[in-house]
Every structure is written in C-alpha cells, then in structure tokens.
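The block underneath contains the structure these notes are about, expressed in structure tokens.
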Amino acid sequence: MRSEDYLKKLTSYQIKMANLQCGLERIAQARQIIGAYQRQQLPQEVKNKLLFSEEELFNHPELMALEDELLNLRQVVIEDFGIWHIFSQEWVADLKEYVGPGLGLELMAGNGVLSASIPGLIATDNLDWAGQDNESPQAWQRVEQLDAISALERYGLKANYIILAWAPDTSQVDWEILNWLRTKHWSGKFIVIGERNGATNSSKFWQEANLLKPRLLNQHHQAIDFINDEVFLVK
C-alpha cells in the first residue's frame, strides 16, 4: 500500500474516532511517522505503541478495526520507503551522545536512514533486498555495496563503534559478525537493535551474544507494534 492511500484510511478513522482520545493519539503518531518519511526526515519522537490495551479494546470494541489498520504501518513503511527500523530524532540524539565522536560503521544499513543522521557513520549493505519488499528504494545517503564481512574487513578495525539494526532471522550472518569481532579482539562498541529471540537475528546469535541494555539507548527507543525491538550493547 502506498503511504498516500494509507494516510487517507487514517483520516477516515480520525473522523470516526473524533471523541476517543486514545485512538486519536495513535493515529497522530502514525501520521507523524509517515509524514516525516515523505519529507525524508525522521519523526521528532515516537512515544507510544500503536497497540491498544485490553481494557481499551474491551471498553471500545470499535478500536479493533483501527488497531488492525495501525498495524499495517510497518509494512507501508517497508514497501514505500524501504525502512524496517522505526526510530526518532530523540533516539538519534541519545545514540550520538553514547557513541561520541569518531568513525562508525553500519552493517546492513538498508537505505542509509540512520547513517544519514550521524556524521562519520559509514553505511554498508549488500543491497540484496532491493526489489523485494521495496521495488524502488531511495537511499538517504550513499550506501556502499558490501556484504557484512567484507565491510568489516575494510572498515571494522578502524571503527570506534559498529551498528547492526534489524538483522534478518533467516541467516547466521549476525553470528559471523560477532565471531569476527571477537577473533580480532575488537574493543569498540557493537550496538545491535532487534527483538531478542524474536523477529530479528538468528537464534545462534542470541544464544552466543553477551547482552547489555544501556539505559541511554533505550530511554527514547520505542517499539511501535507487536515486535518488541530493543537496543543492546553486545560483547
């Protein structure tokens, strides 16, 4: 579904939910995210999940149809913008503070949305997803076409930090990355964004990774739907 069509659907629900604040708040958040991406910007903030509580659904059954529509947001964002990991300007500010100055490397960077927001962060991706979920990806900045291990061999030992967001659960490349870093005794910050033992990353990775959840990196990082992604420092 195109984002313009999705916004029209949200507008119709906005009219129906005119007196239901919890519905209006979630519609406003979905519209903010789409609107920002249409301007090739990040949303200022992402505060709440798009899901409703059991109590809200029990008291207002009409919210069920709206929730179904809100849960289409991620697929719309993937198909129209080539973006999987939804984050805000607030979170990017926290990330910049956490990593500090210096060279960074983003693996599996997709359209370079995160790298476009952080000076000194090199975006790399093998781009084998292009033409699948998203037929015409529009990069936000230059993304160097390199698979993850090739990117590590070129930039890894120079990087102060490495970011891996939303790695697929269909391969063990994430484990190969972690093993490479350990073999090289790399001492920088390896930051992984994903759902532990869930929709992202391989089971091997989650079994082998030593995980910390930095407070600074999670205070403004908000899962928006049933995929509970978080930000980890991995050793």
Side-chain angles (χ1 to χ4, degrees), residues 1-95 109-114 116-117 129-141 165-166 168-169 193-195 198-200 218-231:
M1 183 190 305
R2 300 290 296 180
S3 56
E4 293 87 352
D5 297 328
Y6 185 67
L7 288 175
K8 289 177 182 177
K9 287 191 174 186
L10 291 181
T11 298
S12 68
Y13 277 103
Q14 197 169 13
I15 296 169
K16 295 176 187 177
M17 304 291 166
N19 297 315
L20 200 52
Q21 187 62 28
C22 63
L24 293 176
E25 288 175 353
R26 288 168 173 83
I27 291 170
Q29 178 160 285
R31 293 182 68 91
Q32 182 206 180
I33 291 169
I34 292 290
Y37 289 156
Q38 287 179 332
R39 299 187 299 273
Q40 204 168 90
Q41 298 174 353
L42 297 179
Q44 179 62 41
E45 58 185 11
V46 179
K47 284 190 171 181
N48 303 302
K49 277 194 172 187
L50 298 175
L51 300 170
F52 295 103
S53 68
E54 290 184 6
E55 181 179 0
E56 287 171 329
L57 292 172
F58 179 80
N59 291 329
H60 304 284
E62 64 271 28
L63 290 174
M64 293 181 184
L66 172 58
E67 183 176 86
D68 287 342
E69 195 61 61
L70 290 169
L71 290 178
N72 288 327
L73 173 68
R74 188 183 296 280
Q75 194 59 34
V76 171
V77 166
I78 290 171
E79 291 179 2
D80 217 12
F81 306 106
I83 296 172
W84 278 256
H85 174 221
I86 295 175
F87 54 91
S88 67
Q89 294 181 39
E90 275 190 332
W91 179 74
V92 169
D94 292 340
L95 178 61
N111 280 341
V113 175
L114 179 56
S117 304
W129 55 272
Q132 298 176 18
D133 296 296
N134 181 287
E135 294 182 0
S136 55
Q138 299 295 317
W140 288 30
Q141 72 156 37
W166 272 67
D169 62 355
I193 301 109
E195 183 183 39
T200 75
N218 285 279
Q219 65 179 356
H220 291 124
H221 189 275
Q222 175 64 58
I224 65 161
D225 52 25
F226 48 83
I227 299 177
N228 293 306
D229 54 336
E230 299 173 286
V231 189

With [X] via salt bridge (charged side-chain N to carboxylate O under 4.0 Å, His left out) - residues at least two apart:
| X | answer |
| --- | --- |
| E56 | R26 |
| E45 | K47 |
| R74 | D225 |

Apply side-chain hydrogen bond (donor to acceptor under 3.5 Å, both in side chains) to [X] and list each qualifying residue two or more places apart in sequence or on a separate chain.
| X | answer |
| --- | --- |
| K49 | N228 |
| Q89 | none |
| S3 | Q38, D80 |
| Q222 | none |

Could you give the side-chain donor-acceptor pairs of residues 57-67 under 3.5 Å, partners two or more places apart or in another chain?
residue : atom : partner : partner atom : Å
N59     : ND2  : E55     : O            : 3.3
E67     : OE2  : F52     : N            : 2.8

Please give me the minimum heavy-atom distance between [X] and [Y], naming the atom from each residue.
| X | Y | result |
| --- | --- | --- |
| L70 | A30 | CD2-CB, 4.0 Å |
| W140 | G112 | CB-O, 3.9 Å |
| G82 | N111 | O-ND2, 3.3 Å |
| P43 | A36 | N-CB, 3.5 Å |

Evaluate the side chain to side chain contact (heavy atoms under 4.5 Å, CB included) criterion for residues L95 and L114: first the C-alpha distance (whole Å), next the side-chain angles of each, then the deciding distance (0.1 Å), finally the verdict.
CA-CA 10 Å; L95 178 61; L114 179 56; 3.9 Å; yes
Is a side-chain donor-acceptor pair under 3.5 Å present for E69 with N72?
yes
Spacing of [atom1] belonging to [X] relative to [atom2] belonging to [Y], to within rounding of 0.5 Å:
| X | Y | atom1 | atom2 | value |
| --- | --- | --- | --- | --- |
| L71 | L51 | CG | CG | 5.0 Å |
| I224 | I86 | CD1 | CD1 | 3.5 Å |
| L24 | N19 | CG | CG | 8.0 Å |
| L42 | Q44 | CG | CD | 9.5 Å |

For W91, ring-ring contact (aromatic ring centres under 6.0 Å, His included) partners two or more places apart
H85, F87, H221
Qualifying salt bridge (charged side-chain N to carboxylate O under 4.0 Å, His left out) pairs with a residue from residues 7-21, counting only residues at least two apart or across chains
none
D229 versus W84: any side-chain heavy-atom pair under 4.5 Å?
no
Residue pairs involving residues 6-25 (criterion ring-ring contact (aromatic ring centres under 6.0 Å, His included); sequence neighbours excluded):
none
Scan residues 27-51 for pairs that pass ring-ring contact (aromatic ring centres under 6.0 Å, His included), counting only residues two or more places apart or in two chains.
Y37-F81
How about E4: does its CD atom have over 12 heavy atoms from other parts shown lying under 6.0 Å from it?
yes
Partner of L73 by side chain to side chain contact (heavy atoms under 4.5 Å, CB included), out of I78, I34, L10
I34
